[in-house]
Structure formats: C-alpha cells, structure tokens
Amino acid sequence: MKSLFQIVNSILCLAVALVLLGFTLTVAEEDREDTYDITLIKTAETDAAPGGEREILEVSGRRVLTEHHSVGEGEWIWQLLRERKLLEKRNLADILDILKKLNPELSNLDRIHPGQKILIPLTLSPAEGVRASLPPAEPEPVTLEDLKDFELKGYTVQPGDSLVKIINRQYEAPDAAFYEKYLSAVRRLNPSVRDVNLIYSGQVIRLPVFTPELVRMPIEGREAVELSPHEIMPELAMEPPPDTAVRISPAPESPDPLRDDLGRLFRALGEEWIQHGQHYIPLKGQGEVNLRADTYPMIDLSNGLKVIVDLHNTLPGDMASLLEKTWDHYRIVHLTEGDDLAGALDRILPECNLGTLIGEEDAVQLGGTIQAKLTADWILRKDGETLLITLLDGNTPPTPGPVREYLARQGVRIIDFPPARVGEDALPKAGAVLGSGPDLSSLVETLLDLNRLDFMRNVEIPVYEKQEGVDFNLFVKADYLLEKEGQKFILDLSGAGSGIMTLLRERELSYLSLAGEKDPLRALSRLLEFLGIPFEPGPLEVMAAARNEGQNIRFRIPGASFRDSAGRRLLATTLDLPEEIRRLLTEKGYHVLRLSPV
C-alpha cells in the first residue's frame, strides 16, 4: 500500500508533466500559426473509407479532404499521388504545397519509409469563416466612379477553370501588363475572393468586360500598337491596397515576339497555349521540375499531349530526356537562335500529333462538283478534316472570309497568320445571276442578245427561185436567221433543213443544226464556235487570293467562259453555284450565266 508521501509525489509529478505538456503545445501552436493554420472539422465525411480514414481539415484558409495513409514497402509519394489521379489536377502545385504543410516532417518528398503515417490531400476548396493567420486588409471599396466605364458580367466558374484561362479565352494573347491590371480589377470587384489564383467550380464571380479591339487599338501614324489596359481604362491602373491573402503575382514577362506569335497561332488552332506562371512537373521518385512558363511555354493539346517549347535552347538535354522518359505524353522542342516562326513550326508541329503532316511541296485535291487544289505552308489531315496553315507577309493577302466559310463546310479549315484585320478578307457582294431560259430556243436568244446580234425567227429562205431555165422554187424554213459582218447564218433547232445542208453551203449560207442537243453547255459551245465568238470550253480555274500558287487554293468550276459584246466576262455553267463562290467570281470580274436543262 502506497504511502501518503508517494501519492502526493505522484500527483505533483503529474501536474508538472501537464504544465510542461501544455507549454509545449502552446509553443507548437504559436510556431505553427506563423506558417499555416490547421483545424479539424467534424463532419459526416470523416468516416473511414477504402484506402484509409478520411477527414476534412482547414489548412491556410482552405477546406482539404485528406486521407490517412500508412506507407507500404516500395511506395513513394509520386506513386501515391498518381494512383489517386492527383498528378492530373490543374492545381497540382497547390496540392503539393498543402501536402508539405500537412506533413512537416516530409522535408524531402522523395524520402518516405515503410510504416510512416502521412496525410494525403485529395481535394481543395475555399473555406468560409476560417481564421487566417494574418487578418486580411479590407479591400478597397468600389465606387460608382470606378465602374463608370466597366461593362460587368457574372461568370460561373467551370471545372478546370483558372482566371488565366478565362482571360485567354476572351482576349487573344494579351500582354503581361494586361493580366496584372485585369486581376487587380477582379480583386476589387470581388472582395469575397481572397485569392484570385484560387477559384472553384460553381463559384460566381464578377468580371470586367471590354472588346478585344480596345486591347489592340491602332494609333494614328503607327501600324499597330498594343495598349496596356490602364491606357484604355484609367480605372484599371488603380492598384488595391496590400492584402496578405492575395498571392503575389510574378513580375511582368519581357516581350518575346516569337513566343507571342506561337501563342496566337496555336490558340487559332483551338489548342491551349500556356505562357504565364510556372509548370510543376513531378518526377517518379526524383522530386519535381518547376519551369517558368514565359521561357518554356507549353501547348496543352486536346489530344492529351503536352509540348514544352524551349524558346532559347536553355533547357539541359538530360533534363528534357528525363521528363520525356518519365511521362510519355510530354514532348520537349528545343528552338535555336536562328529560328523564326516558320522554323519554329517546322520543329513543333511534328511533335503535336495533330494529324498527317503534308509538306508545302504537296497538294490536297478536293473532289465534288467544284474541285479545288489546296496548297499551304503546312497541311494536316486527321479524321476527315483538312487543316491548312499559311504564314503571310505584309504583301500577301489573306484567304477571303467567304472562301474559308465555303471550305469549312467541305471539312477544310484555313489558318492564315497573322489573321486578317476586320474587312481585310471581305469579298464584294455577288452579282446577279443571268438565266438562259427554260429551253434551247431561250438559250439561243439569250446568247444572241448578249452579243447584240439581230435575228429573225421562222423565216423562209429561197434557195432556188423560178427563173429562166428553172421550173421550180425551193425555200428552206429557218428557225433563226441572222447576219454578222456581212455573212448570213441559219440556226436549225428542229432538224427540218438538215437534208439540204450542201445546197445551203453552196449558196454561202452558214448552217448549224442543234436539233436533239440535250446538253446546254455543249449547245452553247457549239453556238459560240459557229458564230466565231472566242471562248474557253474547259472548267474555269480561279485562285482564292492573289498570292503564289504554293500558298493558295485553286478552284475548278465546270462551265465555258467568254466575253459578250460589252466586254463582260461570263461563266456559263449548269451548276447552282454557292454564294461564296459567286462572290469570288464577282471579285475576279466574272458574271454567272446559269444554263437550264434543255
């Protein structure tokens, strides 16, 4: 039985231990608050789940769904993240940051050992009403004066969205200053958004809206000057007060014409071009690679490939090789000092797997009633679609807009770079279509009228008249009689005079029978030849734009072409031509004569 002294001594020891433990916890808590804040929240989601117990924690102002995991033999961090599909997340950098905060003992993510207990963050979302380590400053109030030039819209954040992606979708390749000022405006318009780099699906935010033309407004006396947003909207130049809850944005990147041109071109192709921020690329058991996106932009292709462009050939070859061996969907393209846009595309496009790549020395033939020969600097064919990419210089006109629209319906997409300015690719309104009438007789009269040739219908022409020594008269009925340059011409549509052609020619009468002719184009060609009117019998070939043949589109339109007496160029065809093709013909100086079946 213990003595009273022993009991008192035990109580005193326990009290001292509790005091020391409380002091230790207080110090630990104070030290932890200098870096991040973790609070356990009791919710229904803390039930055990396959793979480990799950619970929701609040970490630095975010609600984090975590999983308790005991490290097994041969396991490593990147394997655990990949198994949970976390490496595919757009916010991988944030996940890694939270992982380190949840597991402060993980000073090196590549070193974990069997039996070690770790917390794995599965999902991140903003927390409401969480006590931050430092109280955020009150955002600057937005006044009516501040918003007088703003057009505002409410935007619902979509899965995978980021503000950079939203800006890129709305404004083509804005400069770095634009991003800074735009994000400043977003902060002021959305005081509840504590971190503009952290938005989540379903969240509604207010965005300032203005037209892309304002971002690149031409200035008199200069061909094209990109204005920063504060020159367009003075309100955007106003910076908000310091806010400890806002992540500091990187310094504005330096201008790089080649990088910016590549970005604009790949966005025109419908692919995502990332040149802001950083790329965080994990390595299997070897840490991670962080790359500045302005120096190593990435093409995030819709086919799943990710192509990193080493703009200045500064990425070590062994690092590039390591990345490509670690991830089979990554490609690294090294550019050299002498590479211009064409040289860069020669290196990049083969790595993108956008389709079969056809060189500029080859052409693609487009079949159908209106055939076309397609040539470009690069031609890609995939899944029934043909993509033409052409680089234009200052003297080369773009493909006309109506031609692009017509070809798009045929499965052909045209990418001219730089793209046409407003109105630069326009075509004139299509001219009125001339009709030949419903039958062969109408066709003949239309052609004679166009060439201002007088004619008579249903005329009896004497071949032999009764005279001395001749005891009979011979008259021939002509469907059409006309005279040109002192010579008489007889047109027979019924075949009544075909048996006496020799007699007519002996009387120096030119005779043509169109009886039984069913092809209106052949009838027109025979009639033009009979009257001595110059014409081109084959299909008419027209170029889509006034540029060299290796970067052009050549259409072959069935028909015959000739000039009428007024000097107008006419294309006679049996086709009901699309309006876009008629506009192109009008631009080339042609009028359309539609031939009806006879």
Side-chain angles (χ1 to χ4, degrees), residues 366-374 397 399-412 414 423 425-455 457 480 482 491 493 514 517-546 552-598:
L366 187 67
T369 54
I370 301 176
Q371 299 178 358
K373 179 182 178 182
L374 312 176
T399 304
V403 172
R404 292 202 308 270
E405 295 169 10
Y406 169 77
L407 289 175
R409 297 200 300 272
Q410 318 304 315
V412 178
I414 307 291
D425 60 349
L427 286 177
K429 184 179 179 181
V433 176
L434 305 176
S436 66
D439 51 26
L440 187 58
S441 177
S442 301
L443 170 60
V444 169
E445 294 181 15
T446 297
L447 185 61
L448 296 178
D449 287 337
L450 288 171
N451 288 277
R452 297 180 182 176
L453 295 175
D454 293 331
F455 59 89
R457 286 184 292 236
Y480 290 93
L482 61 132
L491 295 178
L493 306 186
L514 296 177
E517 184 63 72
K518 298 298 183 184
D519 184 348
L521 190 56
R522 175 175 164 78
L524 178 125
S525 299
R526 290 180 62 192
L527 184 54
L528 289 171
E529 183 179 14
F530 175 64
L531 297 175
I533 299 173
F535 72 102
E536 295 292 335
L540 175 66
E541 294 192 350
V542 293
M543 295 287 197
N552 221 324
I553 299 159
R554 181 192 295 269
F555 290 102
R556 290 172 55 89
I557 307 172
S561 55
F562 63 97
R563 291 184 181 270
D564 65 8
S565 59
R568 296 184 303 176
R569 291 191 294 182
L570 295 164
L571 172 65
T573 180
T574 58
L575 298 179
D576 184 11
L577 297 177
E579 182 185 1
E580 297 93 341
I581 298 299
R582 289 194 289 113
R583 291 180 66 178
L584 179 62
L585 289 171
T586 299
E587 196 264 343
K588 303 297 182 184
Y590 281 91
H591 297 261
V592 176
L593 173 61
R594 173 76 190 285
L595 304 180
S596 301
V598 296

Using only atom types and a distance under 3.5 Å, with no angle test, would you say the side chain of [X] pairs donor to acceptor with the backbone of [Y]?
| X | Y | result |
| --- | --- | --- |
| Asp564 | Ala566 | yes |
| Ser436 | Arg594 | yes |
| Thr586 | His591 | no |
| Asn552 | Ala546 | no |
| Arg583 | Leu427 | yes |

For Glu580, which residues count as a side-chain hydrogen bond (donor to acceptor under 3.5 Å, both in side chains) partner, sequence neighbours excluded? Arg409
I'd like to check the side-chain hydrogen bond (donor to acceptor under 3.5 Å, both in side chains) partners of Arg556; sequence neighbours left out, ordered by chain and number. Glu541
Pairwise side-chain contact, [X] with [Y], heavy-atom cut-off 4.5 Å (strictly under):
| X | Y | value |
| --- | --- | --- |
| Asp449 | Phe455 | yes |
| Leu448 | Leu531 | yes |
| Val433 | Leu577 | no |
| Leu447 | Leu528 | yes |
| Ser441 | Leu493 | yes |

Show the nearest heavy-atom pair for residues [X] and [Y], with the distance to one decimal.
| X | Y | value |
| --- | --- | --- |
| Phe555 | Ala372 | CD2-CB, 3.9 Å |
| Gly431 | Arg582 | O-NH1, 3.5 Å |
| Leu440 | Ala523 | CD1-CB, 3.8 Å |
| Thr573 | Pro558 | OG1-O, 2.8 Å |
| Met543 | Leu584 | O-CD1, 4.0 Å |
| Ala544 | Val403 | CB-CG1, 4.1 Å |

[X] [atom1] to [Y] [atom2] distance, which is reported to the nearest 0.5 Å:
| X | Y | atom1 | atom2 | value |
| --- | --- | --- | --- | --- |
| Thr446 | Asn451 | OG1 | CG | 11.0 Å |
| Ser596 | Asp576 | OG | CG | 10.5 Å |
| Arg568 | Arg563 | CZ | CZ | 11.5 Å |
| Tyr480 | Leu514 | OH | CG | 10.5 Å |
| Thr399 | Asp425 | OG1 | CG | 8.5 Å |
| Ile533 | Leu527 | CD1 | CG | 7.0 Å |

Residue pair Leu482, Leu491: steps toward the side-chain contact (heavy atoms from CB on, under 4.5 Å) verdict: CA-CA 8 Å; Leu482 61 132; Leu491 295 178; 4.0 Å; yes
Which is it for Leu585 and Leu540 under the side-chain contact (heavy atoms from CB on, under 4.5 Å) test, yes or no, and what are the steps along the way? CA-CA 10 Å; Leu585 289 171; Leu540 175 66; 3.8 Å; yes
Mind jotting down which residue pairs meet the side chain to side chain donor-acceptor pair (under 3.5 Å) criterion with at least one end in residues 518-533? Sequence neighbours excluded, please. Glu517-Arg522, Glu517-Arg526
Could you give me the CA-CA distance, side-chain angles and deciding distance for Leu407 and Ile414, then say whether side-chain contact (heavy atoms from CB on, under 4.5 Å) is met? CA-CA 8 Å; Leu407 289 175; Ile414 307 291; 4.0 Å; yes
Ser442 and Asp439: side chain donor to acceptor below 3.5 Å: yes
In sequence, state the C-alpha distance, the side-chain angles, and the governing distance for Leu593 and Leu524, and then conclude on side-chain contact (heavy atoms from CB on, under 4.5 Å). CA-CA 11 Å; Leu593 173 61; Leu524 178 125; 4.1 Å; yes
